4 protein chains.
Amino acid sequence: MEEITRIGVFTSGGDSPGMNAAIRAAVRTALYNGKKVTGIYHGYQGMIDNEMYEMSSESVSSIIQKGGTILKTARCMAFKTPEGRAQAYANVKAAGIDALVAIGGDGTFTGAEIFSREYDIPVMCIPGTIDNDLNGTDLTIGYDTANNTVIEAIDKIRDTAASHNRLFFVEVMGRDSGCIALNAGIAGGAEAILLPEKDTAIEELIDMLAQGATTHKSSMIVIVAEGDKNGGATNVAKRVKEKFDYFDTKVSILGHLQRGGSPSSADRVLATRMGYSAVNELLRGNNRATIGVRGSEVVTTPLEEALSKKELKLNEDLVEIAKIMAI
Amino acid sequence: MEEITRIGVFTSGGDSPGMNAAIRAAVRTALYNGKKVTGIYHGYQGMIDNEMYEMSSESVSSIIQKGGTILKTARCMAFKTPEGRAQAYANVKAAGIDALVAIGGDGTFTGAEIFSREYDIPVMCIPGTIDNDLNGTDLTIGYDTANNTVIEAIDKIRDTAASHNRLFFVEVMGRDSGCIALNAGIAGGAEAILLPEKDTAIEELIDMLAQGATTHKSSMIVIVAEGDKNGGATNVAKRVKEKFDYFDTKVSILGHLQRGGSPSSADRVLATRMGYSAVNELLRGNNRATIGVRGSEVVTTPLEEALSKKELKLNEDLVEIAKIMAI
Amino acid sequence: MEEITRIGVFTSGGDSPGMNAAIRAAVRTALYNGKKVTGIYHGYQGMIDNEMYEMSSESVSSIIQKGGTILKTARCMAFKTPEGRAQAYANVKAAGIDALVAIGGDGTFTGAEIFSREYDIPVMCIPGTIDNDLNGTDLTIGYDTANNTVIEAIDKIRDTAASHNRLFFVEVMGRDSGCIALNAGIAGGAEAILLPEKDTAIEELIDMLAQGATTHKSSMIVIVAEGDKNGGATNVAKRVKEKFDYFDTKVSILGHLQRGGSPSSADRVLATRMGYSAVNELLRGNNRATIGVRGSEVVTTPLEEALSKKELKLNEDLVEIAKIMAI
Amino acid sequence: MEEITRIGVFTSGGDSPGMNAAIRAAVRTALYNGKKVTGIYHGYQGMIDNEMYEMSSESVSSIIQKGGTILKTARCMAFKTPEGRAQAYANVKAAGIDALVAIGGDGTFTGAEIFSREYDIPVMCIPGTIDNDLNGTDLTIGYDTANNTVIEAIDKIRDTAASHNRLFFVEVMGRDSGCIALNAGIAGGAEAILLPEKDTAIEELIDMLAQGATTHKSSMIVIVAEGDKNGGATNVAKRVKEKFDYFDTKVSILGHLQRGGSPSSADRVLATRMGYSAVNELLRGNNRATIGVRGSEVVTTPLEEALSKKELKLNEDLVEIAKIMAI
């Protein structure tokens, strides 16, 4: 392998809080090691459109506390075609980039894996998504911040719910992953949590709520993961209401505010460690892998492996704990 | 008038952050003046159901920082009937209550006015609603907190919007009042604001957004008041999208989280002043009036006057400013 | 008077949250009216050092939510000399600036008044300081945010104080002004507040605390304004401890974090209105005045008047209320 | 071993955010398993003073989001004497308590270990301290929240520091542990971090700052752990200032606000898992051990082992990363 002299850094797919910290760490680690850095705007789309610029240490000053990504992001269909990737590679080569750090989720990793093999360019991936639905790591960048954002919203909703003796259905993000729903449900003291990984029948849910009614709860909050099979909080609320009208019922869909916000301390540190490690791994000759954390250790997993298996992330103990806490 | 010996305090209608600070202030001011205090649960409903308890200085400790209302609240149909009010009065009299402090909005004030005249019981009202839609005051309790809650959400949405070059439609509360939409729109740097008090045609809105597109804005946020005549953020987004697809479009409906949360410093101080003044006004012999603030002065307005006129609260200067700021 | 074609904008003295919103509003209002804008870095110092740059609408994008000031600020001794001001004027004239918007406090206003008279250049001032200690306005930019920052700190301190039955002395900013101490003291539910405008003897304070001890308070918090005549929280705590050791005693000096943070909704709107009005007043021919708010109205006051009198800002009703609330 | 029928729960030593979530989880898990629960106020002191009360599921409602501890806490000298412990045991026995859940730090664990051996009463400990300085666990309850509190303060200080080109020395908690300093320093983008575990000479620190001066940083923040050997932020600032006056210098000592605040999502979930596990371990016959987490697993460690060794918690990779990030 030739020596790396210039590293390209980009974010792709959905943004998540902490991506800027990862960018900053990758840039400064590369510069510290005497490498040059090119920032690529709008992920793979910017690679194709040649939106690139030189990054200095100053260019990543005062971004660690900012949500979103200064490199912008996009979803890119063109990169799924050989022609798109050929154009991208032409631009990458012309810019003198000889290794890549890709920050994003599933789609980002898939693109990176194909591109790296196709054009024999080293790439390290960093898991950035609020959904915490990637293999190869205990935690993804943005997940902790999103959990905090959700519980702040739940705490506010609890204030008004308890004042009115109301039943709230709160829909949270997470596509096919119930991680946010489960964690924020426990942290928010939810009376019930509907997860995409579990089939909770409406009747079962009503039973749980009816039990809460007998113990004189002053309010109830049901967390509904957006990927829940019952079809989202609005549908669930409607069906529950038909059979259980002990409490006045309201729906709250938190939406995209879950993706933004200043990253938490844990996400900033996680992202910094991952950005640092991604560059170091590239310099050590590692390739086509994703950075992750296991406990307090930073680890790497080949992209092929991370992308092939679909391990269940849901912690069954937490599912059990959530139920007992709702008594 | 006979001397007041016991004051009943209650919250009614929608809750708002700062109500607890008003309760605390009313209770402690009454106790300080040698009066006794009865807390009435669930507003007028609790008056009818006789949900009352003795309040001490300790009973309002450590509540100033809490959202919601420790006295709970409700909307009550029975109180609109003479029978309901007769039952309420029987309970109030039996409890030895000879004056009332009512915290709430329009409906609360209407009930208080009728009840006070019907049974000749002194009552002072305190404006508590996030909507800022009451006469007799510049500001209602909870409005400032709600504005802060909304801009925190907008700031988060801006992070992700700017990372993706997106157009967001954010629906905020306020029923017939555009106060939150206008203030939070200015404070959030919104590109456009749709207000119930204004008829903004969709075409006009598209023109505004198209202008932003020419100046290369990286994201756009349109605030839609829930009472807007175009029918809410989801409808507006749909109609805009048909003709303007410069940006990817998303909708966010903030919902009830706007009603909760720890009250802001300004709301705590406002509520404290109002609770204090409500009791003092009762002790001075004032009756059937609402507390308000005008600039830095606390004022009172007869309920009849406050309820009869429907002055336009919307500050036209702010409407103009909002437009210029969006250039 | 000649027509204004280019307006210079700067911040000076201590920074406060919301200054960026004022800058943004002044810049966009000027551009909207067909004027050009020069940003001057580091206040009067940058005027002397010729640190100036052209401002566009984009240059103030996404700053409304940021604390501090993008134009930086400084305290400048050289501007107090005729030579310094001569150099400043030479640079201002060379840049084609024919009117100024100055954002800051007392010292900023004094400098603006002298400079404007000396060189016959129109200037409008905007009150930006967390201390709320300026004439001509009910509120200064940053004061509301600082109050919120302080009560968030007090709420946190209350958590730990109540868990340990502790007495805390919390020192807050405000130099000669007790505004933050009084407002945040009421909003934080403080048991006592020491203000620069009042002479509270240590014995009197101990009496107040002893009373709280008899009513079984689980914690006590005393707010000490930094300008208090007893010499700051550390001294007060020491003297109280000698005679009153009912509770374990701790001191917390909040310091400069009070100056930062994302501005509150109210501060962003206030600053936006003031920036807008400052430019409009200049264009209308107003000069040597400060922008202010009285209730919901924006007003102007001649600098000479604003600087000459030293009206007492402290609201005596609030002082009384603070005492009654502590029972 | 006899069957457990009643579990006593208490918090002791310094409080930390999340203790309430641990109490709630322990109480509800015990009740769910058909056991009774006694809450003991003020830790060991309350055991001696017989401050105990029956706990129901309702008694822990709506506490998960609250800082501090509803069971209060204290440091207790009397429990270090055999007489004190004898009195404590007499009260524990009289209350029918046959197992204990102790939440706190080092001193709490030591007391629990002795008491449990002396009177043969089963005890499980839960690590609750913001300092993250306990063996047997990756994380202690409150540490994540404290890190978030510190970076919010640092972000605010950065706003004003950058506006003035200032150098700030920020002192954070952690006694002998540099965990908060190191993590919050990285997350806050600090230019340097002084840790109790490292001897950083003032000259070395000045060299680091001088380097930042050459790269035109607009502000610098040095985090000083309270246990740093140079004697705290005030001393360090003074000594630096003598030789390095490139920037105006300020000191901020964050103090006890670091101990309070609503717990983060991660701390609520951690505390809930630990409270749940503590009770389950007792019911399984485990004794004289502490609950901990290793990665995503809950583990237990004998108290004797946890108390005997003093492993270095500091992550050396993070120390290295902190330096590189400051370039």
Side-chain angles (χ1 to χ4, degrees), chain A residues 11-17 19-20 41-43 45 66-75 128 130 142 145-146 149-150 152-166 168-171 173 218-219 221 233-234 248 250-263, chain B residues 11-17 19-20 41-43 45 66-75 128 130 142 145-146 149-150 152-166 168-171 173 218-219 221 233-234 248 250-263:
Chain A
T11 51
S12 173
D15 63 316
S16 72
M19 280 186 164
N20 282 326
Y41 261 73
H42 290 116
Q45 191 62 51
K66 286 184 194 155
T69 156
I70 61 162
L71 291 178
K72 309 281 176 147
T73 183
R75 301 188 194 275
I130 63 165
T145 304
T149 299
V150 171
E152 280 167 30
I154 294 176
D155 287 354
K156 287 185 168 74
I157 289 169
R158 181 72 75 183
D159 284 341
T160 186
S163 298
H164 283 273
N165 298 120
R166 273 179 177 157
F168 267 86
F169 294 85
V170 180
E171 185 174 309
M173 281 189 163
S218 65
S219 64
I221 292 179
T234 309
D248 185 24
K250 298 279 174 190
V251 174
S252 194
I253 297 170
L254 296 185
H256 277 76
L257 65 90
Q258 294 168 83
R259 293 204 174 277
S262 182
Chain B
T11 51
S12 172
D15 64 316
S16 72
M19 281 186 163
N20 282 327
Y41 262 73
H42 290 117
Q45 191 62 50
K66 286 184 193 155
T69 157
I70 61 161
L71 292 178
K72 311 277 175 150
T73 184
R75 302 190 193 274
I130 63 165
T145 304
T149 298
V150 171
E152 281 167 29
I154 295 175
D155 287 354
K156 286 185 169 74
I157 290 168
R158 180 73 74 183
D159 283 342
T160 185
S163 297
H164 283 272
N165 297 121
R166 274 181 178 156
F168 266 85
F169 293 84
V170 180
E171 185 173 309
M173 281 189 162
S218 65
S219 65
I221 292 179
T234 309
D248 185 24
K250 298 279 174 189
V251 174
S252 194
I253 297 171
L254 295 186
H256 277 76
L257 65 91
Q258 295 167 84
R259 293 204 173 277
S262 181

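Order of the sequence lines sets the chain letters (A, B, ...), proteins ahead of strands, with each chain counted from 1. Computed from a prediction, not measured in an experiment: that's the story for all the values here.
- Within the 4.5 angstrom heavy-atom criterion, atoms from both the backbone and the side chain of Leu254(B) approach chain A.
- At distances below 3.5 Å, at least one donor-acceptor pair connects side-chain atoms of Ser163(A) with backbone N or O atoms of Thr69(B).
- Taking each heavy atom of His42(B) and Asn165(A) in turn, the nearest pair found is NE2-OD1, 2.7 Å.
- Atom OG1 of Thr149(B) and atom CD of Glu152(A) lie 10.0 Å apart (nearest 0.5 Å).
- Per-residue counts of heavy-atom pairs under 4.5 Å with chain B were compared for Asp15(A), Leu257(A), Ile157(A); the largest is that of Asp15(A).
- With a 4.5 Å cut-off on non-hydrogen atoms, Thr73(B) touches chain A through its backbone and its side chain both.
- Options Ser262(A), Gly68(A), Gly261(A), Gly255(A) differ in how many heavy-atom pairs under 4.5 Å they form with chain B, and the most are formed by Gly261(A).
- Heavy-atom distances place the side chain of Phe168(B), and not its backbone, under 4.5 Å from chain A.
- Taking Arg75(B), Lys72(B), Lys66(B), Arg158(B) one by one and counting their heavy-atom pairs under 4.5 Å with chain A, the maximum is reached by Lys72(B).
- Without hydrogens or angle criteria, Lys156(B) side chain to Arg259(A) main chain gives no donor-acceptor distance under 3.5 Å.
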